[in-house]
Amino acid sequence: MAQTALTYSPDQAEAHDRIAEALRGVGVDLDNAILTPPREGKSGVMAVVGKAGSGKTLLLASLYEALEEAGVEIVSGDWEGRRRRDRRTLAILAPTNKAASVLRMRGVPATTIHRILYTPVYDPEYERIAEWLAGQGEKPEIEGLTEDALNRAKAFYRMHKSIPGALAAAGLRGSDFITGWKRREEPLDIGFIDEASMLDDRQFEDLKEIFPTLLLFGDPAQLAPVNQSGSMVFDALPAPSKLTLNRVHRQDADNPILDLAHALADPEVDFHAFEHMVEDAAKRDERVQWAERVKVDLMARSPVLVWRNATRIRLITAFRAVHAAPETELLEGEPLICDGLELPLKHRKKRLDLEARGLIKGAQVIYLGPGRKPGFSRLHVIGAEDPRVSAASIVKIEKPDEEEPFIPYAARMGATFLHGAAVTIHKAQGSQWRDVQVFAPDIYAASRMGRTEAGQPLWKRLAYVAITRAEERLHWVVRNRLSKPTGPLRIDDLKAAAVPLELESET
């Protein structure tokens, strides 16, 4: 604890010690860096809960570093080396690509829950490169790959710890080295789950089957999954298994966005009082903006957050209108949200391909243009490790006062998308953006309805989730107006981390 005592608050230090004690009980001694083989029948679930700014991510990152230093093998979902009976493993997961990417930006090798349920099958020749990169084999000689290409792969892997990214840096495409996907057959060991407030009971049960030791990190003030009746999976855990962090984390001090988020806990604060607090904060700090209109330029990369579906559709319609987007096609740079996959059961392999590469429900995507086949789209999946994908697409553009969405074009089956210039606050959970625009008239409408969720006014939960999506700047939009764009939509700012992964096949 010598190192962590300098940065941990008292409640973080206590949580660290409690978790370290639990890990010792399953054969992972962090203090002495001693690992013993997994013990049959040893299992348990713990949760670290706290509001925004309480230091959950700092604790998660510190525990990850301690486990890696102790010799625990980190499983990322990209590739797994030869199994050893005595190995100890850790996987760090999040429900969405965006949530996983937030952790990766902080040096934590996180992946999505879905990606850990299915593992890639590598071509045997290229698997030799993966083994060498991971330190489990000699440097291979591969026909067609130069010494410089292998060195580029090694340099990329040393920095990013991504096997697919490293192989792409050597000049290979995903279809060269990944031949398919298979359901994980053997359980892993220790699982860290970030954004655990988004988990439903079915996902929780799946995770407990894979990880005998499970540690959840979640925010109890967020919105519960829609099918969970206002409860979160960690609510039912016994008190000794729940570790609560308070807002004392040093680098979050004097943050006006978090000040507003925590002010919502005061039962005396109603909507009008809260909005006065937002206005006062905007006068003192440029990180809070009192906005008279929606800034259309921001909508292409960070959606406006709304409560009502009708508001979402109106804002999307206005966004497309100011960009003169034709009804019959999408413009390059338009944002989309994946709404699931429309594939029959017999196309299970294609479903796994699409989901493993980031096209899961709720994924944020930027349209890059049409694919080589009718109905296909070239896409940039925000937050995915290999973001460029070409896939069969069904794009639905909803319109005000019309029950059926307009479909500019569609493949017979594939990934389905809604427009992403505005999204509901529920769907925004797990994501963060540098600038976030919150449509305040919707929050006011929720306050007028007087609804509650888990004992809290619904409008306060909505406001809390919405404003804590902002990494740097909160725009509190108070009028139903839209600014004019300063320029056309663009895609040149999207830097792909790897060579495009082509999925241009419907079957």
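Keep in mind the model is a prediction, meaning the values are calculated, not measured. Side-chain atoms are counted along with the backbone in the values below, which use heavy atoms only and exclude waters and symmetry mates.
Here the CG atom belonging to Leu58 is positioned 9.5 Å from the CG atom belonging to Leu245, to the nearest 0.5 angstrom.
Ring centers of Phe217 and Phe192: under 6.0 Å apart, within the cut-off. Side-chain rings of Tyr444 and Trp307 stay apart, their centers remaining 6.0 Å or farther from each other.
A salt bridge does not link Arg469 with Asp435: none of the charged nitrogens is closer than 4.0 Å to a carboxylate oxygen.
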Task: Stepwise side chain to side chain contact (heavy atoms under 4.5 Å, CB included) check, Leu103 with Ile92 - done: CA-CA 9 Å; Leu103 288 175; Ile92 303 161; 4.1 Å; yes
TODO: Determine, stepwise, if the pair Leu494 / Arg301 fulfils side chain to side chain contact (heavy atoms under 4.5 Å, CB included).
DONE: CA-CA 10 Å; Leu494 300 173; Arg301 292 293 179 270; 3.9 Å; yes
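Judged by the 6.0 Å distance and 45° axis criteria, Lys154 is not positioned over the aromatic ring of Tyr157.
Not one N or O on the side chain of Lys51 forms a donor-acceptor pair closer than 3.5 Å with the backbone of Ala261. Under a 3.5 Å cut-off, the side chain of Glu453 and the backbone N or O of Arg461 do not form any donor-acceptor pair. Put simply, the side chain of His262 gets close to the backbone of Ala52: a donor and an acceptor are under 3.5 Å apart. The backbone N or O of Ala94 sits nowhere less than 3.5 Å from a side-chain atom of Asp194 that would complete a donor-acceptor pair. The backbone N or O of Pro405 sits nowhere less than 3.5 Å from a side-chain atom of Lys396 that would complete a donor-acceptor pair.
At most 12 heavy atoms of other shown residues, nucleotides or ligands fall within 6.0 angstrom of atom CZ in Arg106.
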